[in-house]
Amino acid sequence: MKNSPNSVGLTAAKTNTKESQQRPLDFNLIKRLFGYTRKYRWRRNALILLTIIRACQLPLLAWAIGRAISGPIAHNETDGLFIAVIAYLGLAVFTDVVFHFRQRYALELGESVVSDLRNELYRHLQRMPMAFFNQTKVGRIISRMTSDIESVRVGVQDVFFVSLVQGGQMIVASVLMIYYDWVLFSIIVAMAPVLWYLNREFRRKLSIGTRNVQESFSRVTSTIAESVSGIRVTQGFVRQGTNAGIFRHLIADHSRYNMAVSRTSALLSPLLEMNSQFFISMLLVFGGYRVLHPGTGTDIGDLIQFFFLTNIFFTPIQTLGVQFNAALTSMAGAERVFNLLDRPPEWEDAKEAKELPPVVGRIEFRNLSFEYVSGRPVLNDISFVAEPGQTIALVGHTGSGKSSIINLISKFYLPTEGKLLIDGRDIREVTGDSLHQQMGIVLQQNFLFGGTILENIRFGRPDATDEEVMDAVRALDCFDLIALLPQGFSTVVGESGSGISLGQRQLVCFARAMLANPRILILDEATSSIDTMTEACLQKALTTLLKGRTSFVVAHRLSTIRNADQVLVLDHGRIIERGTHDELIGLEGVYENLYRQFSQSREK
């Protein structure tokens, strides 16, 4: 469906934008995500090894402290204590060295994966046809590139490796506790189902809450992007208060979801800690009983060792809870990113499509019909021929199909029925890039990139020299319009061309097309935003620009199409009149009526 890219009403706030529900922790999703680490397998494998070593080191540090207390200190052995302290310090230094490289490699691996993922997503976006960008809000695309991929970073560099350290720490501590007193350790094992139940219940709640947070944030970013791009309309219709109210509702929703997740997380952590303290209390009771009854095989030194290891065993539980929350967020982000990556373009160049050779410029529409949405045609049985070097003018009311014809010639869309031939070749059988390299497009929305005027003109031919850029402007006979600016061609324009006049922006777009020297030229409402004086200057430039090129001109100002070789008058997707300007005036039909209305408006 062909939607407006800028929705004045901020419909993002009112539209149900929830995406398909999937399991927050999906092995296939995790496997795919870590597939991006294959390029960095040396760093990844070294990181896994360091993670395993660190998981062993932390319990060993606790064991060493307990061993020093139950050994040299308990038996008043000064020499033994000195050796124990030296050994402990050596282990501590080694642990810190391992921690440094584990953290460093994790951050580097996360950055590498995120960079690759962003590049892949950007390349995928560049392949998507115009229909995708007309249907997808800019804020959603930005959200995928920013917050969603950042959550993926956390999953790669933090969740997996931190969880591996904490889980390994619990395993090593368990082994040591079993060695010292398997009876006391069995108490911990008996209470494990309580922890399992708590995690299971809270995981379900956090899963729903995390997804709601991600979705609501996507709506917030989409609305911000829409509000900034439509600020002129907002201020022009005094919509600031209304839009602010809509945005407040979005923020309130996002805050509500965040608060729900925070409350759940804030409840889970104390419950886990309370259970840990309860376990320790039980261990004190049973451990104390075993120490006070010598026949049980437990002495005070073993109990001290056991309690140090118990602390190492329980400490990761809370950390794992935090990492679980982060894992849910990471899964939600990865799910959204991969959903976009897996979304195939509505169409692509056919595998057998060939490079288009140098274009002569003959374009033929043969019984062509087109629809954006199945069953709702916007062009019906269109047939005409544009001979090389001719100028074809497209005239008609809004929605008559003019822009659709332009979109098809540009291969932004493909015909639904019929054929579009370029030099006798079906447009489906040639690659889009080879066609676009021989085309020039000047649109009503004269988009400029941030940078200098010189850089924006050179966009039409990146290898052009500064002098060639200036020659293109001179050829349009409008050199003074740019040269008189304070910094001339070095004048920096802001986003979308802010900082220079509409006429100057349009001239830059004309010069960009002139520099590209295309065989096929499209002017889509190219002079509708230009003042009368600038238009007079650019009329001569238009003549120069159109000369020798097959051109298609869409304009409400009929003065720009008087000299067209052929005028096509469209109405509801059909050609209802065709001929030259003089021929159509003589018919006294739709075109003559449009021209008369235009002439009367000029006289007022």
(request) Start with the C-alpha distance between Val385 and Ile363, add both sets of side-chain angles, then the distance that settles side-chain contact (heavy atoms from CB on, under 4.5 Å), and finish with yes or no. (result) CA-CA 6 Å; Val385 175; Ile363 297 178; over 6 Å; no
(request) I would like to know whether Arg153 and Asp148 meet salt bridge (charged side-chain N to carboxylate O under 4.0 Å, His left out); could you show each step before the answer? (result) CA-CA 9 Å; Arg153 179 203 298 272; Asp148 287 337; over 6 Å; no
(message) Assess the residue pair Leu523 and Phe552 against the criterion (side-chain contact (heavy atoms from CB on, under 4.5 Å)); give the C-alpha distance rounded to whole Å, side-chain angles, the decisive distance to 0.1 Å, and a yes or no.
(response) CA-CA 6 Å; Leu523 304 178; Phe552 292 83; over 6 Å; no
(message) Under the criterion side-chain contact (heavy atoms from CB on, under 4.5 Å), I'd like the reasoning laid out for Ile392 against Val553: C-alpha separation, chi angles, the key distance, then a yes or no.
(response) CA-CA 6 Å; Ile392 308 299; Val553 179; over 6 Å; no
(request) For the pair Thr452 and Thr491, evaluate side-chain contact (heavy atoms from CB on, under 4.5 Å) and give the outcome as yes or no after the intermediate values. (result) CA-CA 5 Å; Thr452 66; Thr491 300; over 6 Å; no
(request) Step by step, work out the salt bridge (charged side-chain N to carboxylate O under 4.0 Å, His left out) result for Arg44 and Glu108. (result) CA-CA 10 Å; Arg44 179 198 61 193; Glu108 290 176 349; over 6 Å; no
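A salt bridge does not link Asp116 with Arg118: every distance from a Lys NZ or Arg NE/NH1/NH2 to an Asp or Glu carboxylate oxygen is 4.0 Å or more. A salt bridge does not link Arg428 to Glu352: none of the charged nitrogens lies less than 4.0 Å from a carboxylate oxygen.
Under the 3.5 Å distance criterion, the side-chain polar atoms of Arg519 are left unmatched by any main-chain donor or acceptor of Gly361. Looking only at distances, a side-chain donor or acceptor of Ser551 sits under 3.5 Å from a matching main-chain atom of Arg549. For the pair Ser330 (side chain) and Ser151 (backbone), a donor-acceptor distance under 3.5 Å is present. At least one donor-acceptor pair closer than 3.5 Å links the side chain of Gln390 to the backbone N or O of Glu387. Checking side-chain atoms of Thr416 against main-chain N and O of Glu371 turns up a donor-acceptor pair under 3.5 Å. Side-chain atoms of Thr550 do not come within 3.5 Å of backbone N or O of Ile520 as any donor-acceptor pair. Although no hydrogens or angles enter the test, the distance criterion places a donor-acceptor pair under 3.5 Å between the side chain of Thr580 and the main chain of Glu583. Remark: the backbone N or O of Asn456 is paired with a side-chain donor or acceptor of Arg512 at under 3.5 angstrom. Checking side-chain atoms of Gln438 against main-chain N and O of Pro357 turns up a donor-acceptor pair under 3.5 Å. Looking only at distances, no side-chain donor or acceptor of Ser410 sits under 3.5 Å from a matching main-chain atom of Asn407.
Using cut-offs of 30° and 60° on the angle between ring planes, the pair Phe365 and Phe384 is parallel.
Side-chain contact between Val554 and Ile406: present, with at least one pair of heavy atoms (C-beta onward) separated by less than 4.5 Å. A heavy-atom distance below 4.5 Å is found between the side chains of Leu435 and Ile422. In this structure the side chain of Leu521 never reaches within 4.5 angstrom of the side chain of Met439, judged on heavy atoms. The side-chain heavy atoms of Asp571 and Val590, taken from C-beta on, include no pair separated by under 4.5 Å. For the pair Ile457 and Val473, the minimum side-chain heavy-atom distance is below 4.5 Å. Counting heavy atoms from C-beta outward, Ser369 and Leu379 have side chains that stay 4.5 Å or more apart. By the 4.5 Å heavy-atom criterion applied to side chains, Ile141 and Phe133 are counted as neighbours. Ile405 has its side chain within reach of Leu570: a pair of non-hydrogen atoms, C-beta onward, lies under 4.5 Å apart.
Taking both residues in full, the closest heavy atoms of Pro415 and Ile427 are given as CD-CG2, 4.4 Å, listed atom of the first, atom of the second, then distance. Listed here is the closest heavy atom pair of Val442 and Cys509: CG2-O, 3.7 Å. The nearest pair of heavy atoms linking Val430 to Lys411 is O-NZ, 2.5 Å. Residue Ile409 comes nearest to Leu420 through the heavy atom pair N-CD1, 3.8 Å, listed as atom of the first residue, atom of the second, then distance. Taking both residues in full, the closest heavy atoms of Leu356 and Arg425 are given as CD1-CD, 3.9 Å, listed atom of the first, atom of the second, then distance. A pairwise comparison of heavy atoms in Pro358 and Asp423 identifies O-OD2, 4.2 Å as the closest pair.
Listed by chain and number, the residues in a side chain to side chain donor-acceptor pair (under 3.5 Å) with Glu120 are Tyr36 (sequence neighbours excluded). Shown here are the ring-ring contact (aromatic ring centres under 6.0 Å, His included) partners of Phe370, two or more places apart in sequence or in another chain: Tyr372, Tyr413. Residues satisfying the salt bridge (Lys or Arg N to Asp or Glu O under 4.0 Å) test with Asp466, not counting sequence neighbours, are Arg458. Taking the side-chain contact (heavy atoms from CB on, under 4.5 Å) definition, one finds that Leu421 meets it with Glu364, Arg366, Lys419, Asp426, sequence neighbours left out. With sequence neighbours excluded, the residues satisfying side chain to side chain donor-acceptor pair (under 3.5 Å) with Ser216 are His254. Considering only residues two or more places apart in sequence or on other chains, Phe34 meets the ring-ring contact (aromatic ring centres under 6.0 Å, His included) condition with Phe160.
There is no side-chain donor-acceptor pair under 3.5 Å between Asn339 and Arg144. Checked by atom type, the side-chain pair Ser434/Thr431 shows a donor-acceptor distance below 3.5 Å. A donor-acceptor contact closer than 3.5 angstrom is absent between the side chains of Asn563 and His581.
Aromatic ring centres of Phe412 and His436 lie closer together than 6.0 Å.
With Phe338 as the aromatic partner, Arg32 meets the cation-pi criteria of under 6.0 angstrom to the ring centre and within 45 degrees of the ring axis.
By the neighbour-count criterion of 12 heavy atoms within 6.0 Å, atom CZ of Phe459 is sparsely surrounded, having that number or fewer from other residues, nucleotides or ligands.
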